[in-house]
*Asks:* 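Before anything else, here's the structure in question.
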Amino acid sequence: PGVIRYCQKTWKPSAGNGSPFMEWSMAEQQRLTGLLWLAKWFFLLTLFVLIVDLFCVFVLWSPNGARQLEYVFQQEVALLELQPAQEAFLVDVTQAFYEHVFVATGIDGTLRQSAKPGTDTPETVHDFANTLWPALETAMIGLKLFALRIGVLILTLPFLALVTAVAMADGFVGWYLRRTGGERESGFIYHRAKRSLAWSFLLLWIVYLIPPVPMDPRYLLPPFLVAS
């Protein structure tokens with residue numbers, strides 16, 4: 001009986017024509033949850049941001065797409081109305097992103113080397129750099145805009161902590177009133193609310209990080225944080 005219960009728990013028949021072999025149950029496989037789930041979607045969003053930037057530069061805004069993307073970046077900086085300390089922090093975040101993506105991978109050094117006229121760099125390297133320069137320029141400007149918005153999200157963490165504390169206090173008061181009043185606790189509501197919190201963060205990333213248009217976070221981030 002113990003073996004039968006174990007097999008029923010970990011194995012299930014194949015959804016075929018009643019063949020005797022067994023397959024692993026999908027319910028028993030580990031799924032990415034919590035921070036790993038958010039990290040996976042953050043990586044996918046990063047790739048999608050690059051694709052959207054390339055599409056806008058080479059299709060929607062051609063032939064001056066790179067200048068338009070740089071204009072979007074400058075407009076967003078102007079909308080932020082930063083204090084000196086905030087501006088210095090965002091500069092550090094942008095520089096850190098650039099160093100990890102372009103300097104650490106050797107792309108920056110290759111471009112600088114190929115741009116020098118009197119170096120011994122092979123002609124193929126010069127041709128390769130010149131061919132890819134429009135796409136690399138788009139990636140560099142898009143990375144600046146992406147890093148700027150990531151820095152803004154980091155700066156909103158104190159506000160997020162305040163909203164979270166208020167929500168936890170409100171939830172605790174509601175839980176205490178239900179407990180003292182003899183009401184029934186709903187596990188369904190708890191699990192759905194926990195899942196909706198992660199999806200609200202993902203929706204915020206999609207709306208704020210992807211579109212290459214100037215956005216004022218003061219009118220965008222607070223409603224999302226309060227709603228989550």
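Just so it is clear, the values below take in all heavy atoms, side chains as well, and ignore hydrogens, waters and symmetry mates. Here the structure is a predicted model, which is why all the values come from computation and not from measurement.
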*Asks:* Between L44 and F48, is there a side-chain heavy-atom distance shorter than 4.5 Å?
*Replies:*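 They are not in side-chain contact.
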*Asks:* Could you pull out every donor-acceptor pair under 3.5 Å between side chains of residues 75-94 and any protein atom, sequence neighbours left out?
*Replies:*
residue, atom, partner, partner atom, Å
E76, OE1, R149, NE, 3.4
E76, OE1, R149, NH2, 2.8
E76, OE1, M215, N, 3.2
E76, OE2, R149, NE, 2.9
E81, OE1, R218, NH1, 3.4
Q86, OE1, Q83, N, 3.2
T94, OG1, L90, O, 2.8

*Asks:* Considering all heavy atoms of both residues, which atom of G142 and which atom of D53 are nearest to each other, and what is their separation?
*Replies:*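 What the structure gives for the nearest pair is CA-OD2, 3.5 Å.
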*Asks:* Measure across P217 and Y208 and return the closest heavy-atom pair with its distance rounded to 0.1 Å.
*Replies:*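 Smallest interatomic distance, heavy atoms only, reads CB-OH, 3.8 Å.
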*Asks:* Does any non-hydrogen side-chain atom of D108 lie less than 4.5 Å from one of Y98?
*Replies:*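 Yes, side chains in contact.
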*Asks:* What I'd like to find out is whether the side chain of I154 reaches to under 4.5 Å of the side chain of L157, using heavy atoms alone.
*Replies:*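 Yes, at least one pair of side-chain atoms sits under 4.5 Å.
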*Asks:* Could you check if a side-chain atom of V57 sits within less than 4.5 angstrom of a side-chain atom of S62, using non-hydrogen atoms only?
*Replies:*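 Not in contact.
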*Asks:* Please check this pair: side chain of T156 against backbone of L153, looking for a donor-acceptor N/O pair closer than 3.5 Å.
*Replies:*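 It does hold such a pair.
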*Asks:* Does the side chain of I150 reach to within under 4.5 Å of the side chain of F42, using non-hydrogen atoms?
*Replies:*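 Of all side-chain heavy-atom pairs linking F42 with I150, at least one is under 4.5 Å.
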*Asks:* State plainly whether one hydrophobic cluster holds both I51 and I206, where clusters connect Ile, Leu, Val, Met, Phe, Trp and Tyr through side-chain heavy atoms under 4.5 angstrom apart.
*Replies:*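 Looking at the clustering, I206 is in a separate group from I51.
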*Asks:* Say you draw a straight line from CD1 of I141 to OH of Y71; how long is it, rounded to the nearest 0.5 Å?
*Replies:*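 If I round to the nearest 0.5 Å, the distance is 14.5 Å.
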*Asks:* Atom CD1 in I210, atom CG in L50: separation rounded to 0.5 Å?
*Replies:*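 Atom-to-atom, I210:CD1 and L50:CG are 12.0 Å apart.
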*Asks:* Does N64 have any side chain to side chain donor-acceptor pair (under 3.5 Å) partners at least two apart in sequence or in another chain, and if so, which?
*Replies:*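 Expected list: none.
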*Asks:* Does a side-chain heavy-atom distance below 4.5 Å link K144 with L148?
*Replies:*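 No - every pair of side-chain heavy atoms lies 4.5 Å or more apart.
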*Asks:* Grouping I, L, V, M, F, W and Y whenever their side-chain heavy atoms are under 4.5 Å apart, do L209 and L220 come out in a common cluster?
*Replies:*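 Yes, L209 and L220 fall within the same hydrophobic cluster.
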*Asks:* Would you say L160 ends up clustered with L203 if hydrophobic residues are merged whenever their side chains have heavy atoms under 4.5 Å apart, either directly or through other cluster members?
*Replies:*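 In one cluster with L203: L160, yes.
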*Asks:* Would you compute the distance between atom CE of M140 and atom CG of L145 and round it to the nearest 0.5 angstrom?
*Replies:*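 Reported value, rounded in 0.5 Å steps: 15.5 Å.
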*Asks:* Considering only heavy atoms from C-beta outward, does the side chain of W61 approach that of V72 to under 4.5 Å?
*Replies:*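 Yes - at least one pair of side-chain heavy atoms lies under 4.5 Å apart.
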*Asks:* I need the minimum non-hydrogen distance between F58 and A135, along with the two atoms involved.
*Replies:*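 Taking F58 first and A135 second, the nearest heavy atoms are CZ-N, 3.8 Å.
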*Asks:* Do I107 and V101 have side-chain heavy atoms sitting under 4.5 Å apart?
*Replies:*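 The answer is no, as the side chains (C-beta and beyond) never meet within the 4.5 Å cut-off.
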*Asks:* Would you give the length of the straight line joining atom CD of E137 to atom CZ of R67, rounded to the nearest 0.5 angstrom?
*Replies:*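 The CD atom of E137 sits 9.0 Å away from the CZ atom of R67.
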*Asks:* With a 4.5 Å cut-off on side-chain heavy-atom distances among I, L, V, M, F, W and Y, is there a chain of contacts connecting L155 to Y219?
*Replies:*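 L155 and Y219: separate clusters.
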